[in-house]
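For clarity, every value in this text was computed on a predicted model and none was experimentally measured. Below, chains carry the letters A, B, ... as their sequence lines are ordered, and counting in each starts from 1.
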2 protein chains.
Amino acid sequence: MAGVAGDRRIVSEGAGEPATLSEVAYQRLRADIVSGALDAGKPLRLEALKQRYGLSFSPLREALMRLQSERLVFSTALRGFSVAPLSRAEMKDATETRILIESDALRRSMRNGDDDWEAAIVAAFHALSLQAERQSRLSGEVGAVDMHAMDERHYQFHRALIAHCGSPRLLDLADQLYVETQRYRLPCLVGRVAGTPARDVAAEHQQIMDATLRRSEDAVRYLAEHYRRTADIIEASTVWPSSA
Amino acid sequence: MAGVAGDRRIVSEGAGEPATLSEVAYQRLRADIVSGALDAGKPLRLEALKQRYGLSFSPLREALMRLQSERLVFSTALRGFSVAPLSRAEMKDATETRILIESDALRRSMRNGDDDWEAAIVAAFHALSLQAERQSRLSGEVGAVDMHAMDERHYQFHRALIAHCGSPRLLDLADQLYVETQRYRLPCLVGRVAGTPARDVAAEHQQIMDATLRRSEDAVRYLAEHYRRTADIIEASTVWPSSA
DNA sequence: CAATAGAAAATTTTCGAAAGAAATCCAATC
DNA sequence: GATTGGATTTCTTTCGAAAATTTTCTATTG
């Protein structure tokens, strides 16, 4: 029965939530852009995407529209879509905006946060540490799967810090900026062995967490430094397109 | 020839820019939501919208998707779209987020701004003053057209202040938050004669501009106070839905 | 009389084809 | 030889109908 024309079940079978094909298109396109499977700047021809994902125009266009407002896709009126290009300027803007948003969110979170909030931070930090340790033990060949797991924990830790800020907008923006900056982080992580200047990321996280739990303004400074350090490393170790 | 089936010219005839029907749908829906022509919380049935705007599913859905990521429209997977509801909490969140964004943008703008920037601010202030004066002279019946013109100048003034911040993201966010908060401002403006506690908005603008031109940190404080004052008035004079 | 299952209606979502623009190519002209 | 004009091709955008899903209604049962 599978593959027969007219077989377009929508309901999710497994654990995931994508109830519509539009959502599927969005998630897959986003993943492929962030991971670099779709090259930056490359035009996204509808026919090719239809082929690639086995979906038709409508859900694809809806997904692209959504990705456009998240700055992952660029488009001009009657000239179609393309993967948003990468550039130093964009990377820096995303980083600084992220610092602005998360600094405020962290301050508010420290003001509002309760015991559960603290517990969640400690738990997320622990999970991240375990994953990092596991990774370093099996070092050398870092599988893509591990990198994905690592990234997920990293995301969860940073999100736990600001989770109690009380502003849905700030949380949304932080999420969006996390994804945007991930485009620059990921390719840097893959071939990172080369120019790594002995950075102890785990220690930085510990420092941020400790300051956060004692409600110190230092936490905000450490967080900003953490992000700027990453940005600097990315800027240095990325091969930027000619005129950007 | 007009109206004949198959007559779907896309190219804009007049001065405007909407090159696609998707763009038309976006602009009209947005205007109708902001102005309150479409009630907050009301379901947006595709068939009804198709009727109302004379467009078909595809462009409407694309526009709704875009409006959803701008928080003007709400949607659930297979249950369709609705106008995003209004609430005290959302209004406050939008206001505080706007203050966060624009404060930073204003500081950067004061750092980067050149002569042209200053000239543009003065010009925008002047245009706003003229419009306000014209309006107060013809007071009593304030036409909707005048209100629209007034709002445009108001927007232009606030935008001129932060125009040179150098961050496309901050400018986009400011624009988005301007539109979001306009939903709360507009209905309040229409019937404002009642509870107005003798507020001199023009003076507030002048104060912000003066401080900005002399590159004083006061500008940021005045701007925040300006927005919070507006939020307070809105909160007091709005009839909020029962449980929000 | 409330609760439930099943059919009917309403609505959203998706598709494939058709219409409309832009980009490309090619020949004719200056 | 460069340039302009027009046809051809490629691609985006839009439509209307078909499929899938949710909601509503109704009859039946405990």
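- Across all strands, F57(A) comes closer than 4.0 Å to base atoms (heavy-atom distances).
- Smallest separation of non-hydrogen atoms from A77(B) and T20(A): O-CG2, 3.9 Å.
- For R79(B) and dT21(D), the CZ to P distance is 13 Å, given to the nearest whole Å.
- Rounded to whole Å, atom P of dT11(C) lies 13 Å from atom CD of Q51(B).
- The side chain of R61(A) lies closest to dT14(D) when the candidates are dT14(D), dC15(C), dT13(C).
- Taking atom CG of L64(B) as the reference point, atom C1' of dT11(C) lies 14 Å away to the nearest angstrom.
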Open item on the list: Between D232(A) and Y227(A), does the side-chain hydrogen bond (donor to acceptor under 3.5 Å, both in side chains) criterion hold? Intermediate values first, please.
Closed with: CA-CA 9 Å; D232(A) 287 346; Y227(A) 289 154; over 6 Å; no
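- A 4.5 Å side-chain heavy-atom check between R61(A) and M65(B) finds every atom pair outside the cut-off.
- Both tests hold for R185(B) against Y178(B): distance to the six-membered ring centre under 6.0 Å, angle to the ring axis within 45°.
- DNA chain D is contacted by L44(A), R45(A), L46(A) of residues 39-49 of chain A, taking any non-hydrogen atom closer than 4.0 Å.
- The separation between K50(B) atom NZ and dT11(C) atom P is 13 Å, rounded to whole Å.
- When rounded to the nearest whole Å, the span between CG of L60(A) and C1' of dT13(C) equals 14 Å.
- Checking dT14(C), dA22(C), dT21(D) against the side-chain heavy atoms of L78(B) singles out dT21(D) as nearest.
- One interatomic measurement links the two molecules: CG of L21(B) to C1' of dA21(C), which rounds to 13 Å at whole-angstrom precision.
- If you run salt bridge (charged side-chain N to carboxylate O under 4.0 Å, His left out) between E23(A) and each of R30(A), R28(A), R66(A), only R66(A) comes through.
- The distance between atom CZ of F81(A) and atom C1' of dT12(D), rounded to the nearest whole Å, is 9 Å.
- Taking OG from S22(A) and CG from L64(A), the interatomic distance works out to 9.5 Å, rounded to the nearest 0.5 Å.
- Within the 4.5 Å cutoff, the side chain of L170(A) has no heavy atoms near those of the E102(A) side chain.
- The nucleotide whose nearest atom lies closest to any side-chain atom of P59(A) is, among dT14(C), dT14(D), dT23(D), dT14(C).
- In terms of phosphate contacts, S56(A) brings a side-chain nitrogen or oxygen within less than 4.0 Å of OP1 or OP2 of dC15(C).
- A straight line from CD of E62(B) to P of dT14(D) spans 7 Å, rounded to a whole angstrom.
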